[in-house]
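Notes follow once the structure below has been shown.
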Amino acid sequence: MVAICSGIRAAYASSCPVASAANLFLWASSSARAPTFLRRSRVSRRPKAMASAHPSQGLPSGMDPSMVDEYASQSKLLQEFVKIPSIGKAWVFTSKDENASRAMVSVSQSDLLANKKRSFLLNTHISKSSSKSVSFQWSPFPVEMSGVSAVVPSPSGKKLLLVRNAEDDDSPTKLEIWGPCQLENEIHVARSVHGSLYADGWFEGISWNQEETLIAYVAEEPPQPKPEFNDSGYKKEGSSQKDFRSWKGQGDIEDSWGETYSNKRIPALFVANISSGEVRALKGIPRSLSAGQVIWAPSSSYSLVFVAWSDDNGFQETPRKLGIKYCYNRPCALYAAADPFKEEADKPSTDSNKGDTAALVKLTADLSSAFFPRFSPDGKYLVFISAKSAVDSGAHNATNSMHKIDWPTDGKLEGSLSVSDVVPTVMSPQDGCFPGMYCSGLLRFPWLSDGRTMILSSAWGSKEVILSINVASGEVSRVSPQDSDYSWNVLALDNNNILAVSSSLVTLPQMYYGFEDSHTDKPCQWDWQEISSPFPKPSDKVSSLLADHKFSVIKIPVSNPSDKLPDGAKLPFEAIFVSGKDSASSPTIVVLHGGPHSVYPSSYSRSLAFLYAQGYNLLVVNYR
C-alpha cells in the first residue's frame, strides 16, 4: 500500500522527450483538486549500471529503450483522459413561453501541448412538455472564449458582459458589452484606474444593477506611487525618468493573501457605466480591507453590499493577511456603501469634494464571518453564509450557518440591524441526518419562484448534494436523490426546475434536469431526467477502463471512543474505495488530501481516474 500526497516533483528533466508523460500527468494533477500522480515504474528498481547502458540515446538516468513504449502509452492514455471536457457554469434564460427557455453552458478543456485551459460556450434550446419531459437541442459547435476571464449575463438575459483582463503590465482591461447580435460598447480601463478583475470565485464579484445600466465589480487597485531616487537622494518632483541612474524604491512592503494571490494587488470596488464607459472607484474603503463579492441592493441610499476581509487577522488581531485560499477561518463582514454615480448626483453642486468619500455601514458587526450575500427577489431579506465556527475555532473549514437580515423598506440603514438564524451551525449531527451546511458557492440567482426557497450545493459526508432551504421557515430538504453516492451540483435554475450535473469517481459528469414532483404526499420529491449530452463519447479505451471499475463509500467506526470525545467525533468516518476486477491482487494507494477540515468528494476526478487506470485500487480517506 502506498500513500500519496501533493508536492512530489517530476523525476526527470522536462527537456527529455521520454519524460513527457511524467511531466504531463504532473501538470494535469496540479490543475485538478487531486494529489500528484505516483507511477508504478521500474526506474527505482533498476541497477545503477543500467543508467549508462545506452548513453548515446540521451535517455534519463535509470531508463532504457524498452521503457519508451510504456511511457508513450501512458502519455497517450493521459491525453485521452485530459481531453474530456469539464462542465463549469450554466445560465438559463426564460421566455414568454413557459414551456421553452434557452441555456448557455461554459465548458473547459485542457490543452496539454500549450499548457493551458481552453474555455468554450455551448448554447441550447430547452423544450418542456406537460408530461414533465424535457429535450435539449444543442448548437452543433461551441464558441471558444479565447482571452475571456469572466462571462456575466445581465438579469434579463438581453446583455452579456465579457471581461478580458490585461495580458501584460501595459495593456488595459477590456469590458465588452454585448447585445443581441452586436457589440454595444467596449470599455478600455487603463492601469491607472485599476488592474485585472478578480474572477477566481472568492473575491470575485461582478454584478449588474436591475436597470442594466451599471456594473459593479472587484479589481486590483491601481499601482501605488513608489519613491524614486537619484545620485543625490530623493528624486525631485517633476524630474523625468532618465534623470536618475542608480535605483528606485519599491514602496512599503505589503502582505498578500498567498497562493494564487501572491502577485495581486489589493482587491477594490469599482462601478462602470456601460453607456458612457466611465469607471469610478468606490471611495472611503480603507486599504486595510480587501473587498469582494459585491452585489446591488434594492432601492436604498446604500446601493452596494459587499464582503470585506481585514488585514488584522493574525494572532491576537495582528496586521497579517496570512493565506485565504481554502481558508474559511479568515474573519470577514458585510458592508453597505453608496453607488459612486448616485452619490455624486445626490450631492450639492457646490460640494468641491464630491465623490471623494463614502460612508460605510458594517452590517454584521456581531458576527466574525459573513459572505456570499444574496437578496431575496422581493428585497425583504439579505441572506448570507457564515463560517463563524471556523473563525472561532481556527479550523480551515467547519460547519457553515445561514443568516438573514430584514432589509429596511425605506432603504435607510440607521441603528443596528437584526440578524436572525436561518440554518444554525450543526455541532453533533445524528448518523444519516443533515450534517450541517458546507457551502463553497452560491448561484447568482438561487431562488425558486416563491421567493423564499434557495437551491444550493453542499457537502454531505463524502458526497456533494443539492439542498433546498426555505429562508422564512429554516426548513432544509435534500433535493438530489437520497439513495445515491454520486456527487450532485446545481448549475442553474429554470424557474422552479433545476439544471444539475452528477458524477462519480468512475462515471463521467452527466447533466440532469430536475422537476419537483407535486403528485406525491412526500415533501420535496424531485424527478431527475438525464439530458442528452452534447459531448462525444470518450475513446473505447477510456470507456472500458471506467466500466471495469466500481466505487463504494465505506463507513469506518471509531474503535473504543473516549467518553471525553464530543458526540459527533464518535460517529463513523468515511472513505471512498475504488477497485477494478482484479482488486484482490492489485496494489492500493491511499489518497491523502488537505486534512480533517476538508473533504474529497465522490465526484469525477481525471487525475484519480488516470491513476486507477494504471491498475491501482484507491482508498480516499475523509478523516476527521
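Side chains are part of it too, since the values below use all heavy atoms of this structure and drop only hydrogens, waters and symmetry mates. All of these numbers come straight from a predicted model, not from anything done at the bench.
- Between the CD atom of E176 and the CD1 atom of I187 there is a distance of 10.5 Å, given to the nearest 0.5 Å.
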| Could you go step by step and tell me if K388 and D366 meet the salt bridge (Lys or Arg N to Asp or Glu O under 4.0 Å) rule? | CA-CA 11 Å; K388 180 180 182 296; D366 296 330; over 6 Å; no
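- The side-chain heavy atoms of S598 and Y326, taken from C-beta on, include no pair separated by under 4.5 Å.
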| field | side-chain contact (heavy atoms from CB on, under 4.5 Å) evaluation trace for L467 with I455 | value | CA-CA 6 Å; L467 301 177; I455 302 296; over 6 Å; no
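- Applying the 6.0 Å contact sphere to NZ of K380 captures no more than 12 heavy atoms from other residues, nucleotides or ligands.
- In this structure, I285 CD1 and I266 CD1 are separated by 11.0 Å, a value rounded to the nearest 0.5 Å.
- Using a distance-only test at 3.5 Å, with no hydrogens or angles considered, a donor-acceptor pair links the side chain of E220 to the main chain of R265.
- Of the possible donor and acceptor atoms, one in the side chain of S457 sits under 3.5 Å from a partner among the backbone N and O of V490.
- Scanning all heavy atoms of the two residues, the minimum distance from F372 to V307 falls at N-CG2, 4.2 Å.
- In the displayed structure, E212 atom CD is contacted under 6.0 Å by more than 12 heavy atoms of other residues, nucleotides or ligands.
- Two residues are said to be in side-chain contact when any heavy atoms from C-beta on lie closer than 4.5 Å; P408 and L417 meet this criterion.
- Looking only at atom types and distance, the side chain of R606 has a donor-acceptor partner in the side chain of S110 under 3.5 Å away.
- Looking only at side-chain heavy atoms (C-beta outward), M454 and V422 stay at 4.5 Å or farther from each other.
- Ionic pairing of R452 and D378 is present here: one or more N-O contacts between side-chain nitrogen and carboxylate oxygen are shorter than 4.0 angstrom.
- Residues S602 and S487 bring a donor and an acceptor atom of their side chains to less than 3.5 Å of each other.
- A donor-acceptor pair under 3.5 Å is formed between the side chain of S154 and the backbone N or O of K159.
- Note that CZ of R330 is 13.5 Å distant from CZ of F371, once rounded to the nearest 0.5 Å.
- Side-chain atoms of D392 and S368 form a donor-acceptor pair, as typed in the model, at a separation below 3.5 Å.
- Not one N or O on the side chain of S458 forms a donor-acceptor pair closer than 3.5 Å with the backbone of M437.
- In this structure, S146 OG and R164 CZ are separated by 7.0 Å, a value rounded to the nearest 0.5 Å.
- Between P435 and P429, the shortest heavy-atom contact is CA-CB, 3.7 Å.
- Using bins of under 30°, 30° to 60° and over 60° for the plane-to-plane angle, the ring pair W257/F203 lands in the tilted bin.
- Under the 3.5 Å distance criterion, the side-chain polar atoms of D111 are matched with a main-chain donor or acceptor of A114.
- With contacts defined as side-chain heavy-atom distances shorter than 4.5 Å, the pair F306/L334 does not qualify.
- Listed here is the closest heavy atom pair of T173 and G195: OG1-O, 3.4 Å.
- No hydrogens or angles considered: a donor-acceptor pair under 3.5 Å links the side chains of N165 and S149.
- Contact detail for P153 and M104: the closest heavy-atom pair is CG-CE, 4.0 Å.
- The shortest side-chain heavy-atom distance between L499 and L493 does not fall under the 4.5 Å cut-off.
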| task | Would you sort out whether H403 and T364 count as a side-chain contact (heavy atoms from CB on, under 4.5 Å), showing the intermediate values? | result | CA-CA 10 Å; H403 308 268; T364 55; over 6 Å; no
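- Annotation: side chain of L413 is in contact with side chain of L363 (closest heavy-atom distance under 4.5 Å).
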| said: Between L122 and F120, is the side-chain contact (heavy atoms from CB on, under 4.5 Å) condition met? List the steps. | reply: CA-CA 7 Å; L122 273 170; F120 309 86; 5.8 Å; no
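- The shortest non-hydrogen separation linking N622 to S462 is ND2-OG, 2.8 Å.
- Ring planes of W202 and Y328: perpendicular class, angle over 60° (limits at 30 and 60°).
- Looking at W296, its side chain never comes within 3.5 Å of a backbone N or O of Q210 through a donor-acceptor pair.
- In this structure, P340 and L282 have side chains that are in contact, with non-hydrogen atoms separated by less than 4.5 Å.
- Heavy-atom contacts from other residues, nucleotides or ligands closer than 6.0 Å to NZ of K404 number more than 12.
- Expressed to the nearest 0.5 Å, how far CG of L214 lies from OG of S303 amounts to 9.0 Å.
- Looking at Y438 and T399, their side chains do bring a donor and an acceptor atom within 3.5 Å of each other.
- Residue pairs that meet the ring pair (Phe, Tyr, Trp, His ring centres under 6.0 Å) test with at least one member in residues 262-288, sequence neighbours left out, are H194-F270.
- H396 has its side chain within reach of C327: a pair of non-hydrogen atoms, C-beta onward, lies under 4.5 Å apart.
- Atoms CD and CG, on E259 and D200 in that order, are 12.0 Å from each other to the nearest 0.5 Å.
- At least one donor-acceptor pair under 3.5 Å links the side chain of W447 to the backbone N or O of F375.
- Here the side chain of R444 pairs no donor or acceptor atom with the backbone of W91 at under 3.5 angstrom.
- Minimum interatomic distance between W309 and A291 (heavy atoms only, all atoms of both residues): CZ3-C, 4.5 Å.
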| request: Check step by step if side-chain contact (heavy atoms from CB on, under 4.5 Å) holds for Y604 and S86. | output: CA-CA 10 Å; Y604 177 76; S86 299; over 6 Å; no
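- Put simply, the side chain of S288 never gets that close to the backbone of D311: no donor and acceptor are under 3.5 Å apart.
- When atom types are taken as modelled, the side chain of N185 and the backbone of I274 share a donor-acceptor pair closer than 3.5 angstrom.
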